[in-house]
Amino acid sequence: MANIAKIFATRAQGVLQAAARQPQVATRFSSSSTNNWEYIKTEVAGEGKNVAVITLNRPKALNALCNGLMKELSTALQQFSKDQSIAAIVLTGSEKAFAAGADIKEMVGNTYSQCIQGNFLNDWTEVARTQKPIIAAVNGYALGGGCELAMMCDIIYAGDKAKFGQPEIALGTIPGAGGTQRLTRVVGKSKAMEMCLTGNMIGAQEAEKLGLASKVVPADQLLGEAVKLGEKIGTHSNLIVQLCKESVNTAYETTLQEGLKFERRTFHATFSTADRKEGMTAFAEKRPAKFTNE
(Lines give C-alpha, C1' and ligand atoms only; values in the text may rest on other atoms or scores of the structure.)
Protein backbone atom coordinates (compact mmCIF):
# COMPACT_ATOMS: atom_id res chain seq x y z
CA MET A 1 0.00 0.00 0.00
CA ALA A 2 1.29 3.48 -0.84
CA ASN A 3 2.55 5.73 1.94
CA ILE A 4 -0.72 7.07 3.30
CA ALA A 5 0.91 10.05 4.98
CA LYS A 6 2.37 11.19 1.66
CA ILE A 7 -0.92 10.61 -0.17
CA PHE A 8 -2.94 12.45 2.44
CA ALA A 9 -0.48 15.34 2.67
CA THR A 10 -0.56 15.72 -1.11
CA ARG A 11 -4.36 15.63 -1.09
CA ALA A 12 -4.46 18.17 1.72
CA GLN A 13 -2.27 20.55 -0.26
CA GLY A 14 -4.51 20.08 -3.29
CA VAL A 15 -7.59 20.79 -1.23
CA LEU A 16 -6.06 24.02 0.07
CA GLN A 17 -5.31 25.18 -3.45
CA ALA A 18 -8.59 24.01 -4.93
CA ALA A 19 -10.75 25.48 -2.19
CA ALA A 20 -9.28 28.90 -2.81
CA ARG A 21 -10.45 28.88 -6.41
CA GLN A 22 -13.61 26.79 -5.95
CA PRO A 23 -16.42 28.30 -8.08
CA GLN A 24 -19.91 28.71 -6.72
CA VAL A 25 -22.30 26.14 -8.15
CA ALA A 26 -25.99 26.78 -7.56
CA THR A 27 -28.40 23.88 -7.76
CA ARG A 28 -32.10 24.27 -7.00
CA PHE A 29 -33.76 22.00 -4.49
CA SER A 30 -35.91 19.63 -6.50
CA SER A 31 -39.06 19.62 -4.38
CA SER A 32 -40.94 22.67 -3.15
CA SER A 33 -37.93 24.35 -1.58
CA THR A 34 -36.44 27.55 -2.96
CA ASN A 35 -32.90 26.87 -1.73
CA ASN A 36 -30.00 27.53 -4.06
CA TRP A 37 -27.21 25.17 -3.08
CA GLU A 38 -23.55 26.05 -3.47
CA TYR A 39 -21.93 22.81 -2.32
CA ILE A 40 -24.55 20.10 -2.86
CA LYS A 41 -27.10 18.99 -5.43
CA THR A 42 -30.50 17.49 -4.63
CA GLU A 43 -33.07 15.55 -6.61
CA VAL A 44 -35.91 13.10 -6.11
CA ALA A 45 -35.48 9.68 -7.74
CA GLY A 46 -37.20 6.32 -8.11
CA GLU A 47 -40.31 5.27 -9.97
CA GLY A 48 -42.48 6.58 -7.17
CA LYS A 49 -40.37 9.72 -6.69
CA ASN A 50 -39.98 8.81 -3.04
CA VAL A 51 -36.18 8.59 -2.73
CA ALA A 52 -34.23 11.79 -2.14
CA VAL A 53 -30.70 11.96 -3.52
CA ILE A 54 -28.19 14.41 -2.04
CA THR A 55 -24.93 14.71 -3.97
CA LEU A 56 -21.87 16.37 -2.44
CA ASN A 57 -20.72 18.81 -5.09
CA ARG A 58 -17.19 20.17 -4.59
CA PRO A 59 -15.49 18.15 -7.35
CA LYS A 60 -12.29 20.19 -7.55
CA ALA A 61 -11.77 19.76 -3.80
CA LEU A 62 -12.68 16.04 -3.87
CA ASN A 63 -15.82 16.96 -1.91
CA ALA A 64 -13.85 18.22 1.08
CA LEU A 65 -16.36 18.79 3.86
CA CYS A 66 -16.26 22.52 4.50
CA ASN A 67 -18.55 24.26 6.97
CA GLY A 68 -20.76 25.57 4.18
CA LEU A 69 -21.26 22.11 2.71
CA MET A 70 -22.16 20.59 6.06
CA LYS A 71 -24.65 23.38 6.81
CA GLU A 72 -26.31 22.88 3.43
CA LEU A 73 -26.38 19.13 3.98
CA SER A 74 -28.00 19.64 7.38
CA THR A 75 -30.63 21.95 5.88
CA ALA A 76 -31.41 19.55 3.02
CA LEU A 77 -31.79 16.65 5.43
CA GLN A 78 -34.18 18.65 7.59
CA GLN A 79 -36.28 19.55 4.55
CA PHE A 80 -36.42 15.99 3.22
CA SER A 81 -37.25 14.75 6.71
CA LYS A 82 -40.35 16.95 6.75
CA ASP A 83 -41.42 15.83 3.26
CA GLN A 84 -43.95 13.04 3.82
CA SER A 85 -43.51 11.79 0.24
CA ILE A 86 -39.85 10.87 0.89
CA ALA A 87 -39.27 7.37 2.25
CA ALA A 88 -35.47 7.23 2.19
CA ILE A 89 -32.45 9.41 1.44
CA VAL A 90 -29.34 8.53 -0.58
CA LEU A 91 -26.15 10.48 0.14
CA THR A 92 -23.43 10.27 -2.49
CA GLY A 93 -20.48 12.09 -4.04
CA SER A 94 -18.61 11.70 -7.31
CA GLU A 95 -17.08 8.57 -8.82
CA LYS A 96 -13.66 9.86 -7.76
CA ALA A 97 -14.53 10.77 -4.20
CA PHE A 98 -17.45 10.42 -1.83
CA ALA A 99 -15.59 12.86 0.41
CA ALA A 100 -11.83 12.90 0.84
CA GLY A 101 -11.96 14.45 4.29
CA ALA A 102 -12.83 17.57 6.21
CA ASP A 103 -11.67 20.89 4.77
CA ILE A 104 -8.14 21.36 6.12
CA LYS A 105 -8.01 24.99 5.00
CA GLU A 106 -10.80 25.81 7.44
CA MET A 107 -9.29 23.80 10.29
CA VAL A 108 -5.63 24.73 10.07
CA GLY A 109 -5.97 27.92 12.13
CA ASN A 110 -8.35 26.54 14.76
CA THR A 111 -7.44 26.70 18.43
CA TYR A 112 -8.64 24.53 21.29
CA SER A 113 -10.72 27.33 22.75
CA GLN A 114 -12.31 28.08 19.37
CA CYS A 115 -13.23 24.42 18.89
CA ILE A 116 -14.83 24.25 22.35
CA GLN A 117 -16.66 27.57 22.28
CA GLY A 118 -17.73 27.21 18.66
CA ASN A 119 -18.84 23.60 19.18
CA PHE A 120 -16.79 22.59 16.14
CA LEU A 121 -18.37 19.78 14.03
CA ASN A 122 -21.78 20.30 15.63
CA ASP A 123 -23.35 20.79 12.18
CA TRP A 124 -22.33 17.25 11.28
CA THR A 125 -24.70 15.64 13.76
CA GLU A 126 -27.85 16.14 11.65
CA VAL A 127 -26.90 13.13 9.54
CA ALA A 128 -26.97 10.85 12.57
CA ARG A 129 -30.12 12.47 13.98
CA THR A 130 -32.24 12.14 10.85
CA GLN A 131 -35.13 9.74 11.45
CA LYS A 132 -35.53 8.60 7.85
CA PRO A 133 -33.13 5.94 6.56
CA ILE A 134 -30.00 7.32 4.90
CA ILE A 135 -28.04 5.21 2.43
CA ALA A 136 -24.44 6.23 1.74
CA ALA A 137 -23.48 5.44 -1.86
CA VAL A 138 -19.69 5.57 -1.68
CA ASN A 139 -17.50 5.76 -4.75
CA GLY A 140 -13.81 6.62 -4.66
CA TYR A 141 -12.28 8.03 -1.50
CA ALA A 142 -14.13 8.14 1.81
CA LEU A 143 -11.33 9.35 4.05
CA GLY A 144 -11.28 11.05 7.41
CA GLY A 145 -14.48 13.05 7.73
CA GLY A 146 -15.75 11.36 4.58
CA CYS A 147 -15.50 7.93 6.19
CA GLU A 148 -17.11 9.31 9.33
CA LEU A 149 -19.93 10.84 7.30
CA ALA A 150 -20.60 7.51 5.59
CA MET A 151 -20.68 5.76 8.97
CA MET A 152 -23.28 8.23 10.25
CA CYS A 153 -25.59 6.88 7.56
CA ASP A 154 -27.65 3.75 8.16
CA ILE A 155 -26.47 1.61 5.25
CA ILE A 156 -23.32 1.85 3.13
CA TYR A 157 -23.25 0.65 -0.48
CA ALA A 158 -19.75 0.84 -1.96
CA GLY A 159 -18.53 1.09 -5.52
CA ASP A 160 -15.92 -1.54 -6.33
CA LYS A 161 -13.09 1.02 -6.32
CA ALA A 162 -14.09 2.72 -3.06
CA LYS A 163 -11.44 3.36 -0.40
CA PHE A 164 -12.17 3.91 3.29
CA GLY A 165 -9.77 5.29 5.86
CA GLN A 166 -9.11 7.48 8.89
CA PRO A 167 -5.79 9.17 8.05
CA GLU A 168 -6.01 12.02 10.58
CA ILE A 169 -2.96 10.64 12.38
CA ALA A 170 -0.80 11.84 9.45
CA LEU A 171 -1.97 15.40 10.12
CA GLY A 172 -1.15 15.34 13.81
CA THR A 173 -4.71 14.90 15.00
CA ILE A 174 -7.32 12.19 15.52
CA PRO A 175 -10.79 11.51 14.06
CA GLY A 176 -13.29 13.92 15.58
CA ALA A 177 -16.68 12.96 14.14
CA GLY A 178 -16.99 9.34 15.20
CA GLY A 179 -14.02 7.70 13.51
CA THR A 180 -12.64 6.12 16.68
CA GLN A 181 -16.12 5.25 17.97
CA ARG A 182 -18.35 4.07 15.12
CA LEU A 183 -15.51 2.34 13.28
CA THR A 184 -14.58 0.36 16.40
CA ARG A 185 -18.17 -0.77 16.88
CA VAL A 186 -18.36 -1.96 13.27
CA VAL A 187 -14.98 -3.55 12.52
CA GLY A 188 -13.73 -4.32 16.04
CA LYS A 189 -10.96 -2.86 18.19
CA SER A 190 -7.96 -4.40 16.46
CA LYS A 191 -8.83 -3.30 12.91
CA ALA A 192 -10.06 0.12 14.01
CA MET A 193 -6.87 0.64 15.99
CA GLU A 194 -4.77 -0.37 12.98
CA MET A 195 -6.62 1.99 10.64
CA CYS A 196 -6.60 4.94 13.02
CA LEU A 197 -2.97 4.56 14.16
CA THR A 198 -1.48 3.98 10.70
CA GLY A 199 -3.85 5.88 8.44
CA ASN A 200 -3.98 2.84 6.13
CA MET A 201 -6.95 2.59 3.78
CA ILE A 202 -9.09 -0.45 3.08
CA GLY A 203 -10.82 -1.25 -0.20
CA ALA A 204 -14.48 -1.88 -0.86
CA GLN A 205 -14.21 -5.67 -0.71
CA GLU A 206 -12.50 -5.61 2.67
CA ALA A 207 -15.01 -3.04 3.91
CA GLU A 208 -17.82 -5.43 2.98
CA LYS A 209 -16.03 -8.36 4.63
CA LEU A 210 -15.64 -6.36 7.85
CA GLY A 211 -19.26 -5.24 7.84
CA LEU A 212 -18.50 -1.58 7.16
CA ALA A 213 -20.27 -1.78 3.79
CA SER A 214 -23.26 -4.02 3.20
CA LYS A 215 -22.84 -4.38 -0.56
CA VAL A 216 -20.21 -3.78 -3.27
CA VAL A 217 -21.33 -3.02 -6.82
CA PRO A 218 -19.64 -1.70 -9.99
CA ALA A 219 -19.03 2.01 -9.66
CA ASP A 220 -21.28 2.96 -12.57
CA GLN A 221 -24.19 1.04 -11.04
CA LEU A 222 -23.79 2.29 -7.48
CA LEU A 223 -26.30 5.13 -7.41
CA GLY A 224 -28.95 3.08 -9.17
CA GLU A 225 -28.55 0.23 -6.68
CA ALA A 226 -28.76 2.65 -3.75
CA VAL A 227 -31.95 4.17 -5.13
CA LYS A 228 -33.43 0.69 -5.61
CA LEU A 229 -32.68 -0.03 -1.96
CA GLY A 230 -34.42 3.21 -0.98
CA GLU A 231 -37.42 2.22 -3.11
CA LYS A 232 -37.56 -1.19 -1.43
CA ILE A 233 -37.57 0.46 1.98
CA GLY A 234 -40.30 2.79 0.69
CA THR A 235 -42.67 -0.11 0.07
CA HIS A 236 -43.08 -0.44 3.83
CA SER A 237 -44.68 1.84 6.40
CA ASN A 238 -42.52 4.94 6.88
CA LEU A 239 -43.66 5.05 10.49
CA ILE A 240 -42.60 1.49 11.24
CA VAL A 241 -39.34 1.93 9.32
CA GLN A 242 -38.43 4.84 11.59
CA LEU A 243 -39.23 2.81 14.70
CA CYS A 244 -37.15 -0.09 13.40
CA LYS A 245 -34.21 2.21 12.62
CA GLU A 246 -34.34 3.60 16.14
CA SER A 247 -34.35 0.10 17.60
CA VAL A 248 -31.33 -1.03 15.57
CA ASN A 249 -29.42 2.13 16.53
CA THR A 250 -30.20 1.48 20.17
CA ALA A 251 -28.19 -1.75 19.92
CA TYR A 252 -25.04 0.37 19.59
CA GLU A 253 -25.80 2.58 22.56
CA THR A 254 -27.00 0.23 25.31
CA THR A 255 -26.34 -3.13 26.90
CA LEU A 256 -27.96 -6.22 25.40
CA GLN A 257 -30.56 -6.42 28.15
CA GLU A 258 -31.51 -2.75 27.83
CA GLY A 259 -31.63 -3.10 24.06
CA LEU A 260 -33.87 -6.13 24.23
CA LYS A 261 -36.22 -4.29 26.58
CA PHE A 262 -36.32 -1.28 24.22
CA GLU A 263 -36.97 -3.55 21.24
CA ARG A 264 -39.80 -5.37 22.97
CA ARG A 265 -41.50 -2.17 24.09
CA THR A 266 -41.20 -0.74 20.57
CA PHE A 267 -42.61 -3.98 19.17
CA HIS A 268 -45.51 -3.68 21.59
CA ALA A 269 -46.02 -0.06 20.54
CA THR A 270 -46.50 -1.07 16.90
CA PHE A 271 -49.76 -2.73 17.97
CA SER A 272 -51.22 0.73 18.52
CA THR A 273 -50.64 1.67 14.87
CA ALA A 274 -52.97 1.34 11.92
CA ASP A 275 -50.09 0.11 9.76
CA ARG A 276 -49.38 -2.88 12.00
CA LYS A 277 -53.05 -3.88 11.77
CA GLU A 278 -53.09 -3.36 8.01
CA GLY A 279 -49.87 -5.31 7.49
CA MET A 280 -51.05 -8.36 9.37
CA THR A 281 -54.54 -8.20 7.90
CA ALA A 282 -53.15 -7.96 4.37
CA PHE A 283 -50.90 -10.96 5.04
CA ALA A 284 -53.83 -13.02 6.31
CA GLU A 285 -55.92 -11.99 3.30
CA LYS A 286 -53.03 -12.68 0.89
CA ARG A 287 -53.00 -9.19 -0.61
CA PRO A 288 -50.51 -6.30 -0.72
CA ALA A 289 -50.63 -4.02 2.30
CA LYS A 290 -51.76 -0.42 1.87
CA PHE A 291 -49.88 1.51 4.52
CA THR A 292 -50.97 5.00 5.60
CA ASN A 293 -48.05 5.78 7.93
CA GLU A 294 -50.37 5.95 10.90
Subject >> Sub-4.5 Å side-chain heavy-atom contact between L210 and I202 >> reply: yes
Subject >> For A142 against F98, the heavy-atom pair lying closest together >> reply: CB-CD2, 4.2 Å
Subject >> Atom of L239, atom of N293 and distance for their closest heavy-atom approach >> reply: N-OD1, 3.9 Å
Original post:
How far apart are the C-alpha atoms of N63 and Y141, what are their side-chain angles, what is the distance that settles it, and do they pass the side-chain contact (heavy atoms from CB on, under 4.5 Å) test?
Top reply: CA-CA 10 Å; N63 291 331; Y141 293 109; over 6 Å; no
**OP:** Take E206 and K191 through the salt bridge (charged side-chain N to carboxylate O under 4.0 Å, His left out) test and state the conclusion after the steps.
**Re:** CA-CA 11 Å; E206 185 173 2; K191 191 63 180 182; 2.9 Å; yes
Subject >> From CZ (R58) to CG (L69), nearest 0.5 Å >> reply: 7.0 Å
Original post:
Is there side-chain contact between L91 and L73, with heavy atoms separated by less than 4.5 Å?
Top reply: yes
Original post:
Which residue pairs satisfy the salt bridge (Lys or Arg N to Asp or Glu O under 4.0 Å) criterion with at least one member in residues 225-250, sequence neighbours excluded?
Top reply: D154-K245, K215-E225, E225-K228
Original post:
Between S81 and L77, what is the shortest heavy-atom contact and its length?
Top reply: OG-O, 2.7 Å
Subject >> Rounded distance [0.5 Å steps], CG in L243 versus CZ in R276 >> reply: 13.5 Å
Subject >> pair W37-T42: side-chain heavy atoms closer than 4.5 Å >> reply: yes
**OP:** Share the residues that join V53 in a hydrophobic cluster, the rule being Ile, Leu, Val, Met, Phe, Trp or Tyr side chains under 4.5 Å apart at the heavy-atom level.
**Re:** V51, V90, I135, I155, Y157, V217, L222, L223, V227, L229, I233, V241
**OP:** To the nearest 0.5 angstrom, please state how far the NE2 atom of H236 sits from the CZ atom of F291.
**Re:** 7.5 Å
**OP:** Mind running side-chain contact (heavy atoms from CB on, under 4.5 Å) on F164 and L183 for me, showing each step along the way?
**Re:** CA-CA 11 Å; F164 298 85; L183 187 63; over 6 Å; no
Original post:
Where do L65 and A99 come nearest, in terms of heavy atoms and distance?
Top reply: CD2-CB, 3.8 Å
**OP:** Look at the side chain of E294 and the backbone N and O of D275, then say whether any donor-acceptor pair between them is shorter than 3.5 Å.
**Re:** no
**OP:** Tell me who clusters with F283, hydrophobic residues only, linked when side chains sit under 4.5 Å apart either directly or through other members.
**Re:** none
Original post:
Within the distance-only criterion (no hydrogens, no angle test), does the side chain of T130 pair as donor or acceptor with the backbone N or O of K132 below 3.5 angstrom?
Top reply: no
Original post:
Between G178 and M151, which heavy-atom pair has the shortest distance, and what is it?
Top reply: O-CE, 4.2 Å
Subject >> Qualifying residues under ring pair (Phe, Tyr, Trp, His ring centres under 6.0 Å), relative to F267, sequence neighbours excluded >> reply: F271
**OP:** Sequence neighbours left out, what pairs pass salt bridge (Lys or Arg N to Asp or Glu O under 4.0 Å) with at least one residue falling in residues 233-244?
**Re:** none
**OP:** Under the side-chain contact (heavy atoms from CB on, under 4.5 Å) rule, collect the residues that match up with R264, sequence neighbours excluded.
**Re:** H268
**OP:** Find out if a path of hydrophobic residues (ILVMFWY) with successive side-chain heavy-atom gaps under 4.5 Å connects W124 to V186.
**Re:** yes
Original post:
Does the side chain of L149 reach to within under 4.5 Å of the side chain of L56, using non-hydrogen atoms?
Top reply: yes
Original post:
Is it true that atom CD of Q131 has more than 12 heavy atoms of other residues, nucleotides or ligands lying nearer than 6.0 Å?
Top reply: no
**OP:** May I ask whether F262 and I240 are part of the same hydrophobic cluster, defined by side-chain heavy atoms of I, L, V, M, F, W, Y residues being less than 4.5 angstrom apart, directly or through others?
**Re:** no
**OP:** State yes or no: do V216 and M201 share one hydrophobic cluster built from I, L, V, M, F, W and Y residues joined by side-chain heavy-atom distances below 4.5 Å, directly or via other members?
**Re:** no
**OP:** Mind checking the CD-SG spacing from Q242 to C244? Nearest 0.5 Å is all I need.
**Re:** 11.5 Å
Original post:
Under a 4.5 Å cut-off applied to non-hydrogen side-chain atoms, are I174 and C196 in contact?
Top reply: no
Original post:
With a cut-off of 6.0 Å (strictly less than), are more than 12 heavy atoms of other residues, nucleotides or ligands near CD of E47?
Top reply: no
**OP:** Output yes when a side-chain donor or acceptor of N139 lies under 3.5 Å from a complementary backbone atom of A219, and no otherwise.
**Re:** yes
Subject >> Partner set under ring pair (Phe, Tyr, Trp, His ring centres under 6.0 Å) for Y112, not counting sequence neighbours >> reply: none
Original post:
Is L260 isolated, or which residues cluster with it under the ILVMFWY side-chain rule of less than 4.5 Å, directly or via members?
Top reply: L256
**OP:** Using a strict cut-off of less than 4.0 Å between a Lys/Arg side-chain nitrogen and an Asp/Glu carboxylate oxygen, indicate whether E126 and K71 qualify as a salt bridge.
**Re:** no
Original post:
I40 and T55: side-chain contact (heavy atoms from CB on, under 4.5 Å), yes or no, with the steps?
Top reply: CA-CA 6 Å; I40 66 174; T55 304; over 6 Å; no
Subject >> Spatial distance of atom CG (L121) from atom CE (M70) [nearest 0.5 Å] >> reply: 8.5 Å
Original post:
Looking at CD of E263 and OG of S247, how far apart are the two atoms once the value is rounded to the nearest 0.5 Å?
Top reply: 5.0 Å
**OP:** State which residues pass side chain to side chain donor-acceptor pair (under 3.5 Å) with Q166; sequence neighbours excluded, sorted by chain then number.
**Re:** E168
Original post:
Which ILVMFWY residues are connected to M193, directly or by a chain of links, through side-chain heavy atoms under 4.5 Å apart?
Top reply: L197
Original post:
What do the steps show when you test D83 against S85 for side-chain hydrogen bond (donor to acceptor under 3.5 Å, both in side chains), and what is the final call?
Top reply: CA-CA 5 Å; D83 189 338; S85 68; 2.6 Å; yes
Subject >> Any pair counted as side chain to side chain donor-acceptor pair (under 3.5 Å), so long as it reaches residues 253-262, sequence neighbours left out >> reply: none
Subject >> side-chain contact (heavy atoms from CB on, under 4.5 Å) between R182 and E148, worked out >> reply: CA-CA 8 Å; R182 291 189 175 93; E148 292 171 314; over 6 Å; no
Original post:
In chain order, what residues pass the side chain to side chain donor-acceptor pair (under 3.5 Å) check against N67, with sequence neighbours excluded?
Top reply: E106
Original post:
Considering all heavy atoms of both residues, which atom of A158 and which atom of A204 are nearest to each other, and what is their separation?
Top reply: CB-CB, 4.1 Å
